[in-house]
There are 2 protein chains.
Amino acid sequence: MRVPKRERQRQLEMSLEQNPFLTDEELSKQFKVSVQTIRLDRLECGIPELRERLKTVAARTMDAEVKSLQSDEVIGDIIDIELDKRAVSIFDVSDDHVFQRNGIARGHHLFAQANSLAVAVLDDDLALTVTSTLNFLKPVKSGDRVIARATVDKSRSNDKRTYVEVISTVENETVFTGEFQMYQTTDHSRREI
Amino acid sequence: MRVPKRERQRQLEMSLEQNPFLTDEELSKQFKVSVQTIRLDRLECGIPELRERLKTVAARTMDAEVKSLQSDEVIGDIIDIELDKRAVSIFDVSDDHVFQRNGIARGHHLFAQANSLAVAVLDDDLALTVTSTLNFLKPVKSGDRVIARATVDKSRSNDKRTYVEVISTVENETVFTGEFQMYQTTDHSRREI
DNA sequence: ACTGGTATTAGTACCAAGTGCTAATCCGGA
DNA sequence: TCCGGATTAGCACTTGGTACTAATACCAGT
C-alpha cells in the first residue's frame, strides 16, 4: 500500500476529469496497480466506464453546438418582432457571461444582444452597423434576464441609413441603452426578385 | 431495392451528421435493411463506427472548452501593454465570427476585442464600461487580422472616470474606432493591500 | 428462359473495453 | 500468529463493432 487507496482514488477522479479518454489499462499503468484495482476504484467512486464517459462528453458537445448554431445570427431569443419597426429579445445572463472577478456581465454581451437585435429588426440581408453610442447604466449580474427593446427611428432614417434605438432592462430597470446607425445595402425599391 | 443504394447512403450520412449516437442496429431499423448492409454502407462512405464517432465528437468538446477557457477574459491576444497608458491586441477573424450570408464580421466581435482591451489597459480589478461610441468604418472579413490599439486619454480622465480610445486596423487600414468611458472602482490611493 | 452482376443478407471468428462474480494472495497491525 | 481490508487473478458474459465468406435476391440484357 504505497499510496493509500483514498489518495489514489482522489487522483484517479482528477485524472479522468482532465482526460476522460483514459482506459482502465492505461490508468493501471499510470497508478502502478492492476486493472482490477482501477475497476474497483471506479466502482467505489461511481465513475462510469470509458465508453459511457465519452458518450456524455460527446452529448455535451452536440448540445453546445446546437445552441451556438441556433444563437448564431442573433444573441438572445427574439420574442416579438415587427419588421422595420420594433423587436424584443431576452437574454439570460449566466456565469459564462460575467467577469470571474466581480460577477458583472461583460459589456460585449449586452452590446451583442442589442446589436444583433438592431440587425434583425431591419428586414434586410445586409444590414451593417456603422456607428453606435452605448450607455452601460447599471451592472448586470449572472442570473439576470435582460430584455432588449429595439425601435426603428423612421424620422431620422433615409434609404441608406437607418437609426435603431435599443433599451435593455432587467426587472424594469434600464441597464443599457444603445443607438445604432445601420447601413442597408439592399435596394428596397426592387426587393421582389 | 426500394430506395436506391446511393440515396440511402446519402441519407445515412445526413442522419449520422445530425446524430452520431446511432448504432448500426438502430440505423438498420431506420432504413429497413439488415445490419450488414449498414456496415457495407459505412465502409463505402468511410464513416467510422459509433465509438470512433463519439471519440472525435468528445475530442472536439475538450478542445473547445480549453479554448473558451483561455480566451475567457480578453477577446484577442494582447501583444503589448503598458498599464494605464496603451495596449495592443490582435484578433484573427474566422468563419465563426462572420455573418453566414455575406461573410462580414459581426460587430460585436470587433466591439468585444476593443472593449476587453480597454478593460485590460486599465490596471484595475473592477473597470467597467459606462459609455462608448463606436464607428464601424470598413467591413471586416473572415481571415482578416484585426489589430486594436488602445490609448488612455489622461487629459480627460479623473479619479473615477477614464477615457480610452481604441483604433482597430486591418493591414494598416482603420476598420473600427471606439471611445470608451470607463468607471474605476478601486481607490488608487490605497491600492497596496 | 438463362446468365451475369450488383445488392443484400446471413453467419462465423475475432477484438476492445468493459461488467459481474468468485477465489486467491498479500500485507500490516493487535 | 491470525484477522481483515486491499489487491490481484481468472472466467463468463456484454456491446458494438471489424473482417471475411457464403448464400440469396433481384434486375437487365440477350
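Protein chains get the first letters and strands the later ones, always in sequence-line order, with residue 1 at the start of each.
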Nearest to side-chain heavy atoms of [X], which nucleotide of [options]:
| X | options | value |
| --- | --- | --- |
| A/Arg42 | D/dT7, C/dT19, C/dT8 | C/dT19 |
| B/Leu43 | C/dT9, D/dT18, D/dA19 | D/dA19 |
| B/Arg39 | D/dT7, D/dG17, C/dT9 | D/dG17 |
| A/Gln36 | C/dA16, D/dT8, C/dT19 | D/dT8 |
| A/Thr23 | C/dT8, D/dT8, C/dG18 | C/dG18 |

Distance in angstrom units between [X] [atom1] and [N] [atom2], rounded:
| X | N | atom1 | atom2 | result |
| --- | --- | --- | --- | --- |
| A/Leu54 | D/dG17 | CG | C1' | 15 Å |
| A/Leu50 | D/dG17 | CG | P | 15 Å |
| A/Glu25 | C/dC15 | CD | P | 14 Å |
| B/Lys32 | C/dT8 | NZ | P | 16 Å |
| A/Glu44 | C/dG20 | CD | C1' | 15 Å |
| A/Leu40 | D/dG10 | CG | P | 16 Å |
| B/Glu52 | D/dT18 | CD | P | 9 Å |
| B/Asp41 | C/dT8 | CG | P | 7 Å |

Original post:
Would you say the base of C/dG18 and the side-chain of A/Arg51 have a donor-acceptor pair closer than 3.5 Å?
Top reply: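 Counting by modelled atom types and ignoring angles, no donor-acceptor contact under 3.5 Å is found here.
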
Original post:
Base, sugar-phosphate alone, or nothing: which one does B/Arg8 contact when heavy atoms must sit under 4.0 Å apart?
Top reply: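 Sugar-phosphate, backbone atoms only, no base.
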
Original post:
What does A/Glu49 touch in the nucleic acid at a heavy-atom separation under 4.0 angstrom: a base, only the sugar-phosphate, or nothing?
Top reply: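 Counting heavy atoms under 4.0 Å across all strands, the contact made by A/Glu49 is with sugar-phosphate only.
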
Between [Y] and [X], is there a side-chain heavy-atom distance shorter than 4.5 Å?
| X | Y | answer |
| --- | --- | --- |
| B/Tyr183 | B/Arg161 | yes |
| A/Gln30 | A/Leu22 | yes |
| B/Thr177 | B/Glu165 | no |

Subject >> Pairwise 5' ranking along DNA chain C for B/Lys55 and B/Val33, keeping only the more 5' one >> reply: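 This one resolves to B/Val33.
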
**OP:** Look at the side-chain N and O atoms of A/Ser34 and state whether any lies under 4.0 Å from the OP1 or OP2 oxygen of D/dT8.
**Re:**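 Yes, such a contact exists.
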
Subject >> Residue list, salt bridge (charged side-chain N to carboxylate O under 4.0 Å, His left out) with A/Glu82, at least two apart or on another chain >> reply: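 Partners of A/Glu82 by the salt bridge (charged side-chain N to carboxylate O under 4.0 Å, His left out) criterion, ordered by chain and then number, come out as A/Lys85, A/Arg86.
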
Original post:
Between B/Phe180 and B/Phe111, how do the two ring planes meet: parallel, tilted or perpendicular, split at 30° and 60°?
Top reply: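 Tilted.
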
